[in-house]
2 protein chains.
Amino acid sequence: MNASTKPERTRLSAESWEDAALELIAEQGVGALAVEALARRLGVTKGSFYWHFRTREALLQAALERWEQYGEREVIAQIEAIPDPRVRLPELFRRVAHELQPHRVYAALLKALDHPLVVPVMARVSQRRTEFLTAAFREAGLPPKEALNRARLTYAAYVGFLQLNFTLGLPRMSHEDFDAYVEHMIRTLIPAA
Amino acid sequence: MNASTKPERTRLSAESWEDAALELIAEQGVGALAVEALARRLGVTKGSFYWHFRTREALLQAALERWEQYGEREVIAQIEAIPDPRVRLPELFRRVAHELQPHRVYAALLKALDHPLVVPVMARVSQRRTEFLTAAFREAGLPPKEALNRARLTYAAYVGFLQLNFTLGLPRMSHEDFDAYVEHMIRTLIPAA
DNA sequence: GGCAATCCATACTCAAGCGTATGGTCATCG
DNA sequence: CGATGACCATACGCTTGAGTATGGATTGCC
């Protein structure tokens, strides 16, 4: 399970490599995903890697697949559990804002949209999330077209925020300023109940 | 005579390389900035390059500097020429939306925020633009703090849009849909006059 | 026309990183 | 307890791309 920090002497599986790959991607981007670097990180050598995967691209593919499957469910599931649709959107905003950790991989993949393996994954994920937002805005009272555009706008704001304040270290806001920003977003983007 | 096959046989300057570099960056990203590739593109060899620049990084630095200086003025100057502050913001939105060409470099640099040379440039540019937006929102009637947060939100939406619809090919909207989206943005983000 | 200075080509070296070949070790099962 | 298969180390080949060395070509200038 935890093979990232300790030079443990346990045997590795394909999943170990995929997790480590995602870890590395989150930290240093897709471009830094090199097999020898990963091996060093896991305390083994290339010999191990090429037993589990045919190529470097195969690892990337598997890691992306893994991320797409297991990395998305929590937030959406939590939000969908909230009964009152009017509370959902503000809650979604606040939660996403305060759990930026799981978004590290997403931010990294955003910077790798030139890679052919990354594009379809990101397209699917972004599509699903935008649809989720669209439905939420409709439940909040917006007509269909308005809801779709508002969802696009909201999701774009999310993505842009990741880039500007996450990977770029722009004017690192204080906690207070950040909370104020989130509340401002809520007031501006969510139709008044 | 052979102008049809060969791209001119004129001598090159450092600026030629910088411009070509920006072109390449816009097309294929910072990672694709290789000196031999650039040389091929300019119809010369490495020998030329290393006369003009000491290293690859030096070219990047020079190109970024050039971009920061010459690539920004037009839009802001045009907008500042509009007398009525209330017309400025909608106009800004519409112009930026329809002249996405000059934003190709910016979008590419956004994906290279892990590179140490890119970060400070992007920090400065984003900072300046956000300040410009903040001032505009204040003139549009928002109180200081509101104006700042609205500027952040707006700029984040811009950046996110670039990523999602520019580099990623998300649901390629039709022209009509796109215009509708822009107008929706205007209605949502700009305080009513 | 000749002489610098500028610009470019050719031919290298060197390091990084992917992938291959092959043999070693350890657990597990019969 | 030995054999099989899973897992890993070592050593190599190959390609790409940065940077260097050096000489040839071209231009500006006197």
Side-chain angles (χ1 to χ4, degrees), chain A residues 1-25 27-64 108 112 114-118, chain B residues 1-3 5-25 27-64 66 108 112 114-118:
Chain A
M1 202 150 108
N2 58 348
S4 55
T5 48
K6 295 188 177 179
E8 299 199 8
R9 216 56 209 86
T10 90
R11 237 96 175 275
L12 299 179
S13 67
E15 286 77 21
S16 314
W17 287 93
E18 295 168 11
D19 286 340
L22 288 174
E23 184 75 19
L24 214 176
I25 287 174
E27 289 176 16
Q28 308 185 22
V30 175
L33 183 58
V35 331
E36 279 164 312
L38 246 195
R40 229 173 294 130
R41 205 183 170 93
L42 286 172
V44 293
T45 66
K46 299 166 31 161
S48 171
F49 177 84
Y50 283 99
W51 193 90
H52 293 286
F53 297 93
R54 224 175 49 75
T55 166
R56 191 204 100 130
E57 297 272 288
L59 169 66
L60 217 200
Q61 179 128 32
L64 289 176
D114 33 10
H115 198 296
L117 282 180
V118 175
Chain B
M1 300 312 161
N2 52 3
T5 52
K6 299 267 180 174
E8 304 220 3
R9 210 57 209 83
T10 86
R11 237 102 172 270
L12 298 179
S13 67
E15 286 78 20
S16 314
W17 287 93
E18 294 168 11
D19 286 340
L22 288 175
E23 185 73 20
L24 213 175
I25 288 174
E27 289 176 16
Q28 309 185 22
V30 175
L33 183 58
V35 332
E36 278 164 313
L38 246 194
R40 229 172 295 130
R41 191 178 252 250
L42 287 172
V44 293
T45 66
K46 299 163 37 159
S48 171
F49 177 84
Y50 284 99
W51 193 90
H52 294 286
F53 297 92
R54 224 174 51 74
T55 165
R56 193 204 97 129
E57 296 274 287
L59 169 65
L60 217 200
Q61 178 127 34
L64 289 176
R66 187 174 182 77
D114 34 10
H115 193 118
L117 282 180
V118 175

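Nothing here was measured: the structure is a model prediction, and the numbers come from that model. Residue numbering restarts at 1 for every chain, and letters A, B, ... go by the order of the sequence lines.
Here the straight-line distance linking atom CD of A:Glu27 with atom CG of B:Asp114 works out to 13.0 Å at 0.5 Å rounding. To the nearest 0.5 Å, atom NE2 of residue A:His115 and atom CG of residue A:Leu33 are 8.5 Å apart. Once rounded to the nearest 0.5 Å, the distance linking CG of B:Leu24 with CG of B:Leu42 reads 9.0 Å. The CG atom of B:Leu59 sits 11.0 Å away from atom NE2 of B:His52, with the distance rounded to the nearest 0.5 Å.
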Report all side-chain donor-acceptor pairs from residues 12-23 of chain B shorter than 3.5 Å, counting only partners two or more places apart or in another chain.
from    : atom 1 : to      : atom 2 : distance (Å)
B:Ser13 : OG     : B:Glu15 : N      : 3.4
B:Ser13 : OG     : B:Glu15 : OE1    : 3.3
B:Ser13 : OG     : B:Ser16 : N      : 3.4
B:Ser13 : OG     : B:Ser16 : OG     : 3.1
B:Ser16 : OG     : B:Ser13 : N      : 3.1
B:Ser16 : OG     : B:Ser13 : O      : 3.4
B:Asp19 : OD1    : B:Arg66 : NE     : 2.7

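Checked against side chain to side chain donor-acceptor pair (under 3.5 Å), B:Gln28 has no partners two or more places apart in sequence or in another chain. A search for side chain to side chain donor-acceptor pair (under 3.5 Å) contacts involving B:Glu36 returns nothing, not counting sequence neighbours.
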Every protein N/O lying under 3.5 Å from an N/O of nucleotides 22-26 of chain D:
from   : atom 1 : to      : atom 2 : distance (Å)
D:dT26 : O2     : B:Arg11 : NH2    : 3.4

Between protein and nucleotides 17-19 of chain C, what N or O pairs are separated by less than 3.5 Å?
from   : atom 1 : to      : atom 2 : distance (Å)
C:dC18 : OP2    : A:Val35 : N      : 3.3
C:dC18 : N4     : A:Lys46 : NZ     : 3.3
C:dG19 : OP1    : A:Thr55 : OG1    : 2.9
C:dG19 : OP2    : A:Tyr50 : OH     : 3.3
C:dG19 : OP2    : A:Thr55 : OG1    : 3.1
C:dG19 : OP2    : A:Arg56 : N      : 2.9
C:dG19 : N7     : A:Lys46 : NZ     : 2.8
C:dG19 : O6     : A:Lys46 : NZ     : 2.1

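The shortest heavy-atom contact between B:Ala112 and B:Val118 is O-CB, 3.5 Å.
Put simply, CH2 on B:Trp51 is 20 Å from C1' on D:dA18, counting in whole angstrom units. Here the P atom of nucleotide D:dT20 and the CZ atom of B:Phe53 are 15 Å apart, to the nearest Å.
Between D:dA6 and A:His52, no contact under 4.0 Å exists linking OP1 or OP2 to a side-chain N or O.
Of the residues listed (A:Tyr50, A:Phe49, A:Trp51), the one engaging A:Phe53 in a ring pair (Phe, Tyr, Trp, His ring centres under 6.0 Å) is A:Phe49, and it is the only one.
Two residues are said to be in side-chain contact when any heavy atoms from C-beta on lie closer than 4.5 Å; B:Leu38 and B:Arg41 meet this criterion.
Comparing the end axes of the helix from C:dG1-D:dC30 to C:dG30-D:dC1, each fitted to five base pairs by superposing C1' atoms of four pairs onto the next four, gives an inter-axis angle of 10° (nearest 10 degrees).
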